[in-house]
Amino acid sequence: MLFSLTQFSVVSVIAYLALAALSATISFRIYKSVLQAVQKTDEGHPFKNYLDIEISLSQEQIQKYTDCLQVYTNSIVRELRRLFLVQDLVDSLKFAVLMWLLTYVGALFNGLTLLIMAVVSMFSLPAVYDKYQAQIDQYLGLVRTNMNTIVAKIQAKIPGAKQKE
């Protein structure tokens, strides 16, 4: 499905998937109807069990999910406000550098390519980490140490930057 999204629009892919599912269910319904007519049985609708299942959400479930969504939304809005209004200069500069780097990523890849890479990485990176955990942890420790010293030097040179302990 991800590869089809790289060639076709999202609307086309959804329409084709819906048509494929509808074709399969209609074909199965007709097959079962013909089979019932030939065997002279009265089994009823082949999807009756699924049609009888209640699929609506209760008011409590909707309230629970909206409350959870509200907590996440408020947290994101507070963090973005903190970053855009420069409550902490170093964090805002880190965010600016991240956004600048994302402009280059966006110029190189479209969203679907990034999604495909994320799906492939979700399944391959844990296996690679399990195999080479000692080496990866060693190099990540070196990178973390160097980044902490660089950030400390930058914070020391910027007036008004608060020192984190």
Side-chain angles (χ1 to χ4, degrees), residues 1-25 45 47-130 133 136-137 139-165:
M1 186 172 112
L2 292 176
F3 288 118
S4 64
L5 285 173
T6 61
Q7 298 297 322
F8 304 106
S9 71
V10 174
V11 174
S12 296
V13 171
I14 291 172
Y16 282 126
L17 287 173
L19 280 173
L22 194 57
S23 297
T25 55
H45 196 286
F47 299 117
K48 182 163 179 37
N49 294 338
Y50 298 109
L51 290 171
D52 292 339
I53 296 174
E54 182 64 34
I55 59 170
S56 63
L57 293 173
S58 69
Q59 186 68 27
E60 293 81 26
Q61 289 173 321
I62 292 173
Q63 186 66 37
K64 182 179 91 171
Y65 293 132
T66 55
D67 289 344
C68 185
L69 179 67
Q70 179 186 9
V71 169
Y72 287 125
T73 303
N74 288 337
S75 174
I76 290 169
V77 167
R78 276 193 299 272
E79 185 64 20
L80 288 174
R81 179 185 65 185
R82 188 181 75 77
L83 291 170
F84 279 107
L85 297 180
V86 195
Q87 183 177 354
D88 181 13
L89 182 62
V90 175
D91 285 344
S92 293
L93 287 174
K94 287 179 194 176
F95 184 67
V97 169
L98 176 67
M99 292 298 110
W100 178 67
L101 290 173
L102 284 178
T103 61
Y104 286 103
V105 171
L108 293 174
F109 305 106
N110 67 16
L112 288 172
T113 305
L114 292 173
L115 183 62
I116 291 169
M117 289 170 48
V119 168
V120 170
S121 297
M122 280 186 343
F123 294 104
S124 62
L125 290 180
V128 170
Y129 181 73
D130 285 342
Q133 184 175 1
I136 291 173
D137 288 343
Y139 288 115
L140 282 178
L142 289 173
V143 168
R144 189 174 292 125
T145 303
N146 288 336
M147 287 300 295
N148 288 339
T149 58
I150 290 170
V151 167
K153 288 178 185 178
I154 291 173
Q155 283 180 336
K157 293 184 181 193
I158 296 175
K162 68 177 185 179
Q163 301 290 328
K164 293 185 180 177
E165 297 176 16

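Along the sequence shown, residues are numbered consecutively beginning with 1. Below, all heavy atoms of this structure are taken into account, side chains as well, without hydrogens, waters or symmetry copies. As the structure is a computational prediction, the values presented were derived from the model and not from experiment.
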### Task
Report the residues that fulfil side chain to side chain contact (heavy atoms under 4.5 Å, CB included) with Ser23, sequence neighbours left out, ordered by chain and then residue number.
none
### Query
side chain to side chain contact (heavy atoms under 4.5 Å, CB included) with Gln133: which residues, sequence neighbours excluded?
Tyr129, Asp137
### Message
Please report the interatomic distance CG(Leu17) to CG(Leu22), rounded to the nearest 0.5 Å.
### Response
12.5 Å
### Task
Mind checking the CG-CD spacing from Leu93 to Gln155? Nearest 0.5 Å is all I need.
10.0 Å
### Task
Can you tell me which residue pairs pass the side chain to side chain donor-acceptor pair (under 3.5 Å) test with a partner in residues 64-73, sequence neighbours excluded?
Gln63-Asp67
### Message
Going by ring pair (Phe, Tyr, Trp, His ring centres under 6.0 Å), name the residues that satisfy it together with Tyr139, two or more places apart in sequence or in a different chain.
### Response
none
Output side-chain donor-acceptor pairs under 3.5 Å for residues 143-150, partner residues at least two apart or in another chain, one line each.
{"unit_1": "Thr145", "atom_1": "OG1", "unit_2": "Gly141", "atom_2": "O", "d": "2.8"}
{"unit_1": "Asn146", "atom_1": "ND2", "unit_2": "Leu142", "atom_2": "O", "d": "3.4"}
{"unit_1": "Asn148", "atom_1": "ND2", "unit_2": "Arg144", "atom_2": "O", "d": "3.3"}
{"unit_1": "Thr149", "atom_1": "OG1", "unit_2": "Thr145", "atom_2": "O", "d": "3.4"}
{"unit_1": "Thr149", "atom_1": "OG1", "unit_2": "Asn146", "atom_2": "O", "d": "2.7"}

Donor-acceptor list for residues 47-57 side chains, cut-off 3.5 Å, not counting sequence neighbours:
{"unit_1": "Lys48", "atom_1": "NZ", "unit_2": "Asp52", "atom_2": "OD2", "d": "3.3"}
{"unit_1": "Glu54", "atom_1": "OE2", "unit_2": "Ser56", "atom_2": "OG", "d": "2.6"}

Going by atom type alone, with no hydrogens or angles, which donor-acceptor pairs under 3.5 Å involve a side-chain atom of residues 79-86 and a protein atom two or more places apart or on another chain?
{"unit_1": "Glu79", "atom_1": "OE1", "unit_2": "Arg82", "atom_2": "NE", "d": "3.3"}
{"unit_1": "Glu79", "atom_1": "OE2", "unit_2": "Arg82", "atom_2": "NE", "d": "3.4"}
{"unit_1": "Glu79", "atom_1": "OE2", "unit_2": "Arg82", "atom_2": "NH2", "d": "2.7"}
{"unit_1": "Arg82", "atom_1": "NH1", "unit_2": "Asp91", "atom_2": "OD2", "d": "3.1"}
{"unit_1": "Arg82", "atom_1": "NH2", "unit_2": "Asp91", "atom_2": "OD2", "d": "3.3"}

Just distance, no hydrogens or angles: give the donor-acceptor pairs under 3.5 Å from side chains in residues 114-124, sequence neighbours left out.
{"unit_1": "Ser121", "atom_1": "OG", "unit_2": "Met117", "atom_2": "O", "d": "2.8"}
{"unit_1": "Ser124", "atom_1": "OG", "unit_2": "Val120", "atom_2": "O", "d": "3.0"}

